[in-house]
Amino acid sequence: KALSLQEAQRDWMFLIAALKENHKGLYLHVPQAVTDQKIDSIRTTLEEGMKVESFFKKVNALLALTNEGHTYARLSVKARRSLGREATFLPLGIQFLGKTAVVHQYYGDPNPRIKRGLKLLSINGKPMEEIIAELLPYIPTDGFSQTGAYDDLSSAFPYYYRLGFGPYTSFTIDFQELEASNIFSLDLEGIKAKQGNEKRRQLTQEVFLSPLVEAKQINDSVAYLAVNSFAIRPKELRAWLQARFHEIAQDSIQHLILDIQDNGGGEEGNENLLMAYLNPSPFQKYAFVSMAKKPFQERAKFKEMRLDK
């Protein structure tokens with residue numbers, strides 16, 4: 001479906017008004033004048049006859065200005081089904097190691113040259129650094145968290161690439177072995193979303209990053225703990241932390257290396273569990289908590305909205 005310029009502008013202004021009334025994040029991290037300038041610059045790109053998918057792309061760019069990772073939009077079921085029938089999705093699952101994109105899974109026809117761990121250098125002639133720079137503005141993330149943004153890219157890279165660069169039925173990709181210098185190119189056919197989902201369910205789900213939590217003793221006085229995600233059931237994280245810190249006390253560890261560089265967030269309250277072991281004294285988590293008037297009035301009656309877990 002194509003939108004008239006009047007329809008696009010009407011929907012755009014409706015969304016802006018709703019965000020200003022309901023979302024504190026729109027002006028929380030960046031001065032209002034700067035955010036309003038960005039909003040207006042996106043608005044000026046609305047045009048007559050634009051497709052719903054193109055309008056959706058601009059909506060994502062707008063929502064990313066909230067700097068809040070739980071703010072997102074979805075295409076309608078009809079639009080998603082239509083998009084899913086197109087064989088225009090990259091047939092690769094991507095995992096980011098820092099800012100380096102590597103092959104995590106392959107969803108296309110069998111190809112012995114495609115292996116997990118291959119580094120992606122470019123897609124259709126565009127270097128990965130440029131691709132990432134163009135995609136990041138469409139990804140809402142908490143504050144300015146780069147870890148969260150790269151986690152989102154890893155979880156749905158074919159979708160974000162399709163959103164950012166439009167439909168391609170084939171992809172020319174430059175690969176490189178992670179620990180070698182040889183570079184080679186392959187032409188891969190695009191796949192339908194359903195095909196990718198089915199292949200994903202069939203393949204073993206592995207990642208190249210560390211597990212959710214990890215512990216090891218470096219030497220007699222130094223221990224290492226990695227908490228790579230807070231997307232863990234609080235009961236499980238509590239038991240893990242209790243066991244690890246009990247071991248630390250038993251072994252008379254004097255120095256602790258705490259690694260959270262890959263942590264993209266997760267269950268609210270899990271950070272309190274970790275902090276309680278690092279700081280046994282009572283601590284103040286937030287300097288203040290603010291909420292727009294309308295959603296506060298609607299949700300104030302719910303206890304979980306007033307108390308942090």
Roughly how far apart are Y161 OH and N124 CG, rounded to 0.5 Å? 4.5 Å
Separation of L135 CG from L163 CG (nearest 0.5 Å): 8.0 Å
Single-linkage hydrophobic cluster, 4.5 Å side-chain cutoff, V30 and Y138 together: no
Do D187 and S170 have side-chain atoms, one donor and one acceptor, less than 3.5 Å apart? no
More than 12 heavy atoms from other groups under 6.0 Å of CG on N279: yes
E268 side-chain N/O to G266 backbone N/O, donor-acceptor pair under 3.5 Å: no
pair F283-M275: side-chain heavy atoms closer than 4.5 Å: yes
Over 12 foreign heavy atoms within 6.0 Å of CZ, R233: no
Should N270 and V227 count as side-chain neighbours, where that means a heavy-atom distance under 4.5 Å? no
Counting neighbours of CD1 on I260 that are heavy atoms of other residues, nucleotides or ligands and sit closer than 6.0 Å, is the number greater than 12? no
Please round to the nearest 0.5 Å and tell me the distance separating atom OG of S4 and atom CD of E48. 5.5 Å
Is it the case that the side chain of S154 and the backbone of Y150 share a donor-acceptor pair, with hydrogens and angles ignored and the cut-off at 3.5 Å? yes
By the definition side-chain contact (heavy atoms from CB on, under 4.5 Å), identify the one residue from E247, H246, Q242 that meets it with R244. E247
Verify side chain to side chain contact (heavy atoms under 4.5 Å, CB included) between L153 and Y160, making sure each step is shown before the conclusion. CA-CA 7 Å; L153 272 180; Y160 281 116; 4.1 Å; yes
For the residue pair P91 and E189, establish whether any side-chain heavy-atom pair is separated by less than 4.5 Å. no
If you count heavy atoms of other groups shown closer than 6.0 angstrom to CZ of F144, is the number above 12? yes
Step by step, would you call F55 with E7 a side chain to side chain contact (heavy atoms under 4.5 Å, CB included)? CA-CA 11 Å; F55 183 75; E7 288 175 322; over 6 Å; no
Donor-acceptor contact present, side-chain D11 to main-chain M13, <3.5 Å: no
Of all the heavy-atom pairs spanning K285 and G269, show the shortest one and how long it is. NZ-N, 4.4 Å
Quick one: do E129 and K99 satisfy salt bridge (Lys or Arg N to Asp or Glu O under 4.0 Å)? Show the steps, please. CA-CA 8 Å; E129 293 81 5; K99 296 183 179 181; over 6 Å; no
Do K58 and T45 get their side chains close enough for a donor-acceptor pair, meaning under 3.5 Å? yes
Thinking salt bridges, do E68 and K24 make one under a 4.0 Å N-O criterion? no
If we count only N and O atoms by modelled type, under 3.5 Å, do the side chains of T35 and Q32 hold a donor and an acceptor together? no
Is there a donor-acceptor contact under 3.5 Å from the side chain of N67 to the main chain of H29? no
Got a second to check how far L278's CG is from L274's CG, nearest 0.5 Å? 5.0 Å
Pair Y106-N111, side-chain donor/acceptor within less than 3.5 Å: no
For the side chain of S145 and the backbone of G148, is there at least one donor-acceptor N/O pair under 3.5 Å apart? yes
Hydrophobic cluster membership, with links at side-chain heavy-atom distances under 4.5 Å among I/L/V/M/F/W/Y: are L5 and L15 in one? yes
Using a 6.0 Å cut-off, check whether atom CZ of R80 has over 12 heavy atoms from anything other than its own residue. yes
Is V34 reachable from L65 through a run of hydrophobic residues whose side-chain heavy atoms are each under 4.5 Å from the next? no
Using a 4.5 Å cut-off on heavy atoms from C-beta on, say whether the side chain of W240 contacts that of L225. yes
Under a 4.5 Å cut-off applied to non-hydrogen side-chain atoms, are L186 and I173 in contact? no
Looking at K192 and G84, what are the two nearest heavy atoms and their distance? CB-O, 3.5 Å
Atom pair CG/CZ of L92 and F171 - distance to nearest 0.5 Å: 9.0 Å
Quick one: do N182 and Q176 satisfy side chain to side chain contact (heavy atoms under 4.5 Å, CB included)? Show the steps, please. CA-CA 6 Å; N182 58 307; Q176 182 181 16; 5.7 Å; no
Shortest non-hydrogen contact from W12 to R43? NE1-CB, 3.4 Å
Is Y159 linked to F157 within one hydrophobic cluster, defined over Ile, Leu, Val, Met, Phe, Trp and Tyr using a side-chain heavy-atom separation of less than 4.5 Å? yes
How far apart are the closest heavy atoms of S221 and I253, and which atoms are they? O-CG2, 3.4 Å
Q105 and Y107 side chains, donor-acceptor separation under 3.5 Å: yes
Approximate separation, where rounding is to 0.5 Å, of T88 OG1 and I191 CD1: 9.5 Å
Is the number of heavy atoms from other residues, nucleotides or ligands under 6.0 Å of Q146 CD greater than 12? yes
Residue pair E86, R162: steps toward the salt bridge (Lys or Arg N to Asp or Glu O under 4.0 Å) verdict: CA-CA 11 Å; E86 299 177 2; R162 174 68 175 79; 2.8 Å; yes
Please confirm whether the backbone N or O of A79 pairs with a side-chain atom of S82, one donor and one acceptor, at under 3.5 Å? no
State, to 0.1 Å, how close A8 and L46 come at their nearest heavy-atom pair, and which atoms those are. O-CD1, 3.9 Å
Can you find a side-chain donor-acceptor pair between N60 and Y72 that sits under 3.5 Å? no
Do L28 and L19 sit in the same hydrophobic cluster, where Ile, Leu, Val, Met, Phe, Trp and Tyr count as joined when their side-chain heavy atoms come under 4.5 Å apart? no
Restricting to non-hydrogen atoms, name the atom on D142 and the atom on G69 that form the minimum distance, rounded to 0.1 Å. OD1-N, 2.7 Å
Looking just at side-chain N and O atoms, do S229 and N263 make a donor-acceptor pair shorter than 3.5 Å? no
Considering only heavy atoms from C-beta outward, does the side chain of L75 approach that of L83 to under 4.5 Å? yes
Residue pair Q217 / V222, side-chain heavy-atom distance below 4.5 Å: no
Take D36 and Y27 through the test side chain to side chain donor-acceptor pair (under 3.5 Å) and record every step on the way to the result. CA-CA 9 Å; D36 284 342; Y27 299 125; 2.6 Å; yes
State, yes or no, whether a side-chain contact exists between V102 and L120 at a heavy-atom distance under 4.5 Å. no
